[in-house]
Amino acid sequence: MTARDRLIVGLDIPTIGEAEVIVKALGDDVLFYKIGYQLAFAGGLEFARDLAADGKKIFLDMKLLDIDNTVAKGVENIAKMGMSMLTLHAYPKAMKAAVEAAKGSDLCLLGVTVLTSMDEQDVIDAGYQYDPHALVLRRAEQARAAGMGGIVCSAEESSAVRKIVGPDMAIVTPGIRPAGSDKGDQKRVMTPADALRAGSSHLVVARPIVHAADPQAAALAILAEMSGAL
């Protein structure tokens, strides 16, 4: 895969109009977009269908978690939308239900391990008896066992996770920040080049691109850094 195949621009913005401006500005330089809660609840699901119909790849970041039947029915419909990636929380029963529902489609299911906005105290406060690193590795093992297409984790864990999941599963890492940029609310971050060298297959970059004065220039700079690391 080229850097263009690996860069996922997060459309973490409030309106479809603003998203359309970003997509137009980035043009053919960007192939892959992430749509999460914020845009999904502002008409983003139809926008995702339109982008997919125009040849773009869409990572639908819904972080599904529910009873098995509800997860399965949701995945069945999402697979019909032409999406490329979908997240769900990496709970074994939910992952198994999703994998069964996605059979026969091209949808890559990603298990979310530990959010990159969480550190050790946050994980303890959530009731887990693992530190973030140990919890990520446990969920990576469970995702592999369930037959998932990949996982989402911090780039800090990519190297260790790659040893668990092998060469074929996707490792998608948010919390990517070019050197010198603001971390925002992320606590476990890494530069694009370092993330690829650590074993990440896809990088999610939102604010450093969509909030830049020149989004295209910001994207091209990140793509160049990624290309240098491949």
Side-chain angles (χ1 to χ4, degrees), residues 1-3 5-8 10 32 34 36 57 59-65 68 71-72 75 83-103 105-177 186-205 226 229-230:
M1 293 188 294
T2 66
D5 297 312
R6 297 171 183 267
L7 175 63
I8 303 174
F32 221 139
K34 177 182 79 74
K57 300 179 73 173
F59 167 18
L60 199 59
D61 190 18
M62 293 289 98
K63 299 183 181 72
L64 301 181
L65 181 61
D68 297 0
V71 168
V75 169
M83 303 295 97
S84 296
M85 289 179 168
L86 169 70
T87 52
L88 56 148
H89 282 289
Y91 286 63
K93 282 172 63 64
M95 290 191 291
K96 290 175 184 175
V99 168
E100 184 64 27
K103 280 184 177 177
S105 75
D106 294 327
L107 181 63
C108 178
L109 297 171
L110 304 171
V112 176
T113 55
V114 178
L115 301 176
T116 52
S117 61
M118 298 179 72
D119 58 17
E120 184 168 3
Q121 188 58 52
D122 295 319
V123 171
I124 292 170
D125 291 343
Y128 292 101
Q129 296 179 350
Y130 299 92
D131 61 64
H133 185 75
L135 183 55
V136 167
L137 299 188
R138 176 171 174 77
R139 287 183 165 172
E141 292 172 348
Q142 293 169 331
R144 183 191 63 186
M148 296 282 283
I151 68 165
V152 179
C153 67
S154 162
E156 292 181 0
E157 288 105 24
S158 289
S159 179
V161 166
R162 182 58 72 194
K163 294 175 183 177
I164 291 172
V165 303
D168 297 328
M169 285 179 66
I171 297 180
V172 179
T173 52
I176 300 299
R177 294 290 184 270
Q186 302 283 14
K187 295 179 179 178
R188 289 153 41 240
V189 303
M190 192 173 285
T191 66
D194 286 342
L196 290 176
R197 294 188 187 108
S200 300
S201 62
H202 297 77
L203 310 183
V204 179
V205 184
M226 293 171 65
L230 293 174

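Computation of the quantities below employed the complete heavy-atom set of this structure, encompassing side-chain atoms and omitting hydrogens, waters and symmetry-equivalent molecules. Keep in mind that what you see is a predicted model, and the values were worked out from it rather than measured.
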Enquirer: Considering all heavy atoms of both residues, which atom of Ala146 and which atom of Val99 are nearest to each other, and what is their separation?
Expert: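 In this case the closest contact between Ala146 and Val99 is O-CG2, 3.4 Å.
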
Enquirer: How far apart are the closest heavy atoms of Ser201 and Ala170, and which atoms are they?
Expert: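 Between these two residues, the closest heavy atoms are OG-CA, 3.4 Å.
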
Enquirer: Who are the side chain to side chain donor-acceptor pair (under 3.5 Å) partners of Asp131, not counting sequence neighbours?
Expert: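 So Asp131 forms no side chain to side chain donor-acceptor pair (under 3.5 Å) with any residue.
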
Enquirer: Hey, is CG on Asp106 packed in by over 12 heavy atoms from elsewhere, all under 6.0 Å?
Expert: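 Not buried by this count: 12 neighbours or fewer within 6.0 Å.
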
Enquirer: Testing the basics here: between Leu137 and Val161, what is the closest heavy-atom pair and its distance to 0.1 Å?
Expert: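 Nearest heavy atoms, Leu137 then Val161: CD2-CG2, 3.9 Å.
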
Enquirer: Kindly compute the distance separating CG (Leu110) from CD1 (Ile171), expressed to the nearest 0.5 Å.
Expert: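 CD1 of Ile171 is found 11.0 Å from CG of Leu110.
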
Enquirer: To the nearest 0.5 Å, what is the distance between CZ on Arg6 and CE on Met1?
Expert: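 Atom-to-atom, Arg6:CZ and Met1:CE are 4.0 Å apart.
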
Enquirer: Once side chain to side chain donor-acceptor pair (under 3.5 Å) is applied, do any residues pair with Asp168, and if so which ones, sequence neighbours excluded?
Expert: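 Side chain to side chain donor-acceptor pair (under 3.5 Å) check on Asp168 returns nothing, list empty.
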
Enquirer: Is there side-chain contact between Val123 and Glu120, with at least one heavy-atom pair below 4.5 Å?
Expert: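 The answer is no; the side chains never approach within 4.5 Å.
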
Enquirer: Is any side-chain heavy atom of Leu107 closer than 4.5 Å to a side-chain heavy atom of Met83?
Expert: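 The answer is yes, as the side chains (C-beta and beyond) meet within the 4.5 Å cut-off.
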
Enquirer: Going by the salt bridge (charged side-chain N to carboxylate O under 4.0 Å, His left out) test, which pairs reach into residues 136-145, not counting sequence neighbours?
Expert: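 Listed by first then second residue: nothing to list.
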
Enquirer: OG of Ser154 to CE of Met118: how many Å apart, nearest 0.5 Å?
Expert: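 One gets 13.0 Å once the value is rounded to the nearest 0.5 Å.
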
Enquirer: Does any non-hydrogen side-chain atom of Ile8 lie less than 4.5 Å from one of Met85?
Expert: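 Yes, close enough: below the 4.5 Å cut-off.
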
Enquirer: Just to verify, what does Lys57 make a salt bridge (charged side-chain N to carboxylate O under 4.0 Å, His left out) with, not counting sequence neighbours?
Expert: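 Partners of Lys57 under the salt bridge (charged side-chain N to carboxylate O under 4.0 Å, His left out) test: none.
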
Enquirer: Please report the interatomic distance CE(Met169) to CG(Leu109), rounded to the nearest 0.5 Å.
Expert: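 Atom-to-atom, Met169:CE and Leu109:CG are 10.0 Å apart.
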
Enquirer: Can you list every side-chain hydrogen bond (donor to acceptor under 3.5 Å, both in side chains) pair that touches residues 158-167, not counting sequence neighbours?
Expert: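 Passing the test, one end in residues 158-167: Ser158-Ser200.
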
Enquirer: Which atom names give the shortest non-hydrogen contact between Ala195 and Ala155, and what distance separates them?
Expert: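 Scanning both residues, the minimum pair turns out to be CB-CB, 3.7 Å.
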
Enquirer: Give the minimum heavy-atom separation between Phe32 and Leu7, together with the two atoms involved.
Expert: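 That would be CB-O, 3.2 Å.
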
Enquirer: Flag the pair Val114 / Tyr128 as yes when at least one side-chain heavy-atom distance between them is below 4.5 Å, and no otherwise.
Expert: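 They are not in side-chain contact.
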
Enquirer: Check whether any side-chain heavy atom of Glu156 sits under 4.5 Å from a side-chain heavy atom of His133, and report yes or no.
Expert: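 In short, these two side chains do not touch, never coming nearer than 4.5 Å.
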
Enquirer: With rounding to the nearest 0.5 Å, note down the distance linking CD1 in Ile176 to CG in Asp194.
Expert: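 If I round to the nearest 0.5 Å, the distance is 9.0 Å.
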
Enquirer: Please lay out, stage by stage, how Met190 and Thr173 fare under the test side-chain contact (heavy atoms from CB on, under 4.5 Å).
Expert: CA-CA 9 Å; Met190 192 173 285; Thr173 52; over 6 Å; no

Enquirer: Between OG1 of Thr87 and CD1 of Ile151, what distance do you get to the nearest 0.5 Å?
Expert: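 Interatomic distance, Thr87 OG1 to Ile151 CD1, rounded to 0.5 Å: 13.0 Å.
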
Enquirer: Would you find more than 12 non-hydrogen atoms of other residues, nucleotides or ligands less than 6.0 Å from Lys63 atom NZ?
Expert: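 Atom NZ in Lys63 is packed in, count exceeds 12.
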
Enquirer: Which pair of heavy atoms, one from Leu65 and one from Ala94, lies closest together, and at what distance?
Expert: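 Heavy atoms of Leu65 and Ala94 come nearest at CD1-CB, 4.0 Å.
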
Enquirer: By salt bridge (charged side-chain N to carboxylate O under 4.0 Å, His left out), which residues pair with Asp68, not counting sequence neighbours?
Expert: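 Counting only residues at least two positions away or on another chain, Asp68 forms a salt bridge (charged side-chain N to carboxylate O under 4.0 Å, His left out) with Lys93.
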
